[in-house]
Visitor: 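Here it is, the structure in full.
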Amino acid sequence: MVLLLVFITVLHLVTLAMLLIATLEKSWWVWSHSEITDLWYNCFHDNVTDTWLCAASSENDWLRSVQALMVLSVVFSSISFLVFLVQLLALSKGQLFYFTGLCQAFAGLAALAACLIFTFRWKDILNDAKDLRKGHFGYCFVLAWICVPLLLISSFLYVHLRKRQ
C-alpha cells in the first residue's frame, strides 16, 4: 500500500512539473534554432549578446483559449494534489479519493482541450508573415500531450484508491 501511495504521489508531482514546464517554457512552435514561439512570447536568439529577445505573442481568441486551458489544467492539478494530502489525513478508513480524482480528471480534460485547439488551429494561432511550413511543434507541445494520458491515468488511480490504515 505504501508503494502505491508513493507511486501515485510521484506520478502526480512529475505530471504537475511537466504541466508547468509545458505552460511556462518557450517552445510550443520552433521556427529555427534561433526563433521560437510559446503560449506567451515570440523569441529570437541574439548571437551577439547570446540572449533571447522576446516580444508578447499576438493575441487572438484561439491563443487565449489555449493559455487559459493550460493555466486551468495547472490549477486543477495543484488543487488535486493539495486535496489528496488533506484527504490522506482526514478520510476515514475505507473511503475513496473521489474529489482528488475528479480534480485530476478536470486537469487532464483541460490539457486535452488545449492540445487539441493548438493542434488543429496552429495556423490561426501563429498567424504570422513567416512561412509556417518551415517550423515544427516544439518540446513543450509534446510535453503537454504526454501530460494528458498521465493526468487521466492518475485520476483513474485516485478514484479507485481506497484509504487503509
Side-chain angles (χ1 to χ4, degrees), residues 6-85 100-159:
V6 169
F7 172 74
I8 289 176
T9 304
V10 168
L11 176 65
H12 196 131
L13 290 174
V14 166
T15 307
L16 184 59
M18 287 170 47
L19 266 178
L20 282 168
I21 291 169
T23 304
L24 300 175
E25 192 60 32
K26 39 177 156 9
S27 183
W28 274 66
W29 186 263
V30 178
W31 301 98
S32 65
H33 293 296
S34 62
E35 196 173 347
I36 54 177
T37 299
D38 68 355
L39 298 179
W40 315 99
Y41 297 104
N42 294 325
C43 299
F44 303 94
H45 188 261
D46 184 12
N47 289 331
V48 175
T49 61
D50 198 33
T51 59
W52 286 95
L53 305 173
C54 298
S57 294
S58 60
E59 290 289 324
N60 62 47
D61 291 337
W62 293 113
L63 179 61
R64 278 187 252 152
S65 297
V66 174
Q67 289 171 341
L69 286 166
M70 286 304 291
V71 169
L72 192 63
S73 180
V74 169
V75 168
F76 271 126
S77 187
S78 300
I79 289 171
S80 176
F81 186 69
L82 293 175
V83 168
F84 171 66
L85 293 178
T100 302
L102 185 67
C103 287
Q104 195 73 344
F106 283 148
L109 293 175
L112 174 65
C115 290
L116 285 174
I117 290 171
F118 198 86
T119 300
F120 292 115
R121 293 295 183 169
W122 62 272
K123 289 180 182 175
D124 298 328
I125 291 172
L126 299 171
N127 62 3
D128 222 35
K130 298 180 194 107
D131 186 11
L132 294 176
R133 292 173 290 168
K134 291 183 180 177
H136 58 86
F137 293 108
Y139 76 91
C140 289
F141 175 76
V142 174
L143 269 181
W145 267 114
I146 292 171
C147 285
V148 171
L150 292 178
L151 288 166
L152 295 176
I153 288 169
S154 66
S155 71
F156 180 77
L157 290 174
Y158 278 127
V159 168

Visitor: Mind checking whether Phe141 and Asp38 have side chains closer than 4.5 Å, heavy atoms only?
Guide: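 Phe141 vs Asp38: side chains apart.
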Visitor: Roughly how far, to the nearest 0.5 Å, is CG of Leu157 from CG of Leu11?
Guide: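 So the gap between those two atoms works out to 7.0 Å.
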Visitor: Evaluate the criterion side chain to side chain contact (heavy atoms under 4.5 Å, CB included) for residue pair Leu19 and Leu143; output intermediate values, then yes/no.
Guide: CA-CA 7 Å; Leu19 266 178; Leu143 269 181; over 6 Å; no
Visitor: Has the side chain of Ser154 got a donor or acceptor atom that lies under 3.5 Å from a matching backbone atom of Leu151?
Guide: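 A pair under 3.5 Å: yes.
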Visitor: Would the Phe44 and Trp52 ring centres measure less than 6.0 Å apart?
Guide: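 No - the distance between ring centres of Phe44 and Trp52 does not fall below the 6.0 Å cut-off.
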Visitor: Where the side chain of Ser77 meets the backbone of Ser73, is there a donor-acceptor pair that is under 3.5 Å apart?
Guide: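 Between the backbone of Ser73 and the side chain of Ser77 there is no qualifying donor-acceptor contact (under 3.5 Å).
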Visitor: I need the single residue from Trp122, Phe118, Tyr139 that forms a ring-ring contact (aromatic ring centres under 6.0 Å, His included) with Trp28. Which is it?
Guide: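 Looking at Trp122, Phe118, Tyr139, the match for Trp28 under the ring-ring contact (aromatic ring centres under 6.0 Å, His included) is Phe118.
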Visitor: Which heavy atom of Trp62 sits nearest a heavy atom of Ile117, and at what distance?
Guide: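 Heavy atoms only, the tightest pair is CE3-CG2, 3.6 Å.
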Visitor: Do you know which of Ile8, Val6, Leu13 makes side chain to side chain contact (heavy atoms under 4.5 Å, CB included) with Val10?
Guide: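 Result: among Ile8, Val6, Leu13, Val6 is the only option passing the side chain to side chain contact (heavy atoms under 4.5 Å, CB included) with Val10.
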Visitor: How far apart are the C-alpha atoms of Leu16 and Ser78, what are their side-chain angles, what is the distance that settles it, and do they pass the side chain to side chain contact (heavy atoms under 4.5 Å, CB included) test?
Guide: CA-CA 7 Å; Leu16 184 59; Ser78 300; 3.6 Å; yes
Visitor: Over 60° means perpendicular and under 30° means parallel, so classify the ring planes of Trp31 and Trp29, tilted if in between.
Guide: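 Ring orientation of Trp29 relative to Trp31: perpendicular.
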Visitor: Between Ser80 (side chain) and Thr100 (backbone), is there a donor-acceptor pair under 3.5 Å?
Guide: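 It does hold such a pair.
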Visitor: Please check: side-chain N/O of Ser155 versus main-chain N/O of Gln104, any donor-acceptor pairing under 3.5 Å?
Guide: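 Not confirmed, Ser155 side chain does not pair with Gln104 backbone.
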Visitor: If we only count heavy atoms from C-beta on, is the Tyr41 to Ile36 side-chain gap below 4.5 Å?
Guide: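 Side chain of Tyr41 against side chain of Ile36, heavy atoms only: no contact under 4.5 Å found.
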Visitor: Determine, stepwise, if the pair Phe106 / Leu72 fulfils side chain to side chain contact (heavy atoms under 4.5 Å, CB included).
Guide: CA-CA 9 Å; Phe106 283 148; Leu72 192 63; over 6 Å; no
Visitor: Search all heavy atoms of Ala114 against all heavy atoms of Val66 and return the closest pair with its distance.
Guide: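 Answer, listing the atom of Ala114 first, then Val66: O-CG2, 3.8 Å.
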Visitor: Which heavy atom in Val30 sits nearest to a heavy atom in Gly138, and how many Å separate them?
Guide: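 Taking every non-hydrogen atom into account, CG2-CA, 3.8 Å.
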Visitor: Among Phe76, Phe84, Tyr158, which residue meets the ring-ring contact (aromatic ring centres under 6.0 Å, His included) test with His12?
Guide: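 Exactly one pass, corresponding to Tyr158.
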Visitor: Quick one, Asn60 and Leu63 - any side-chain contact, counting heavy atoms below 4.5 Å?
Guide: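 Yes, side chains in contact.
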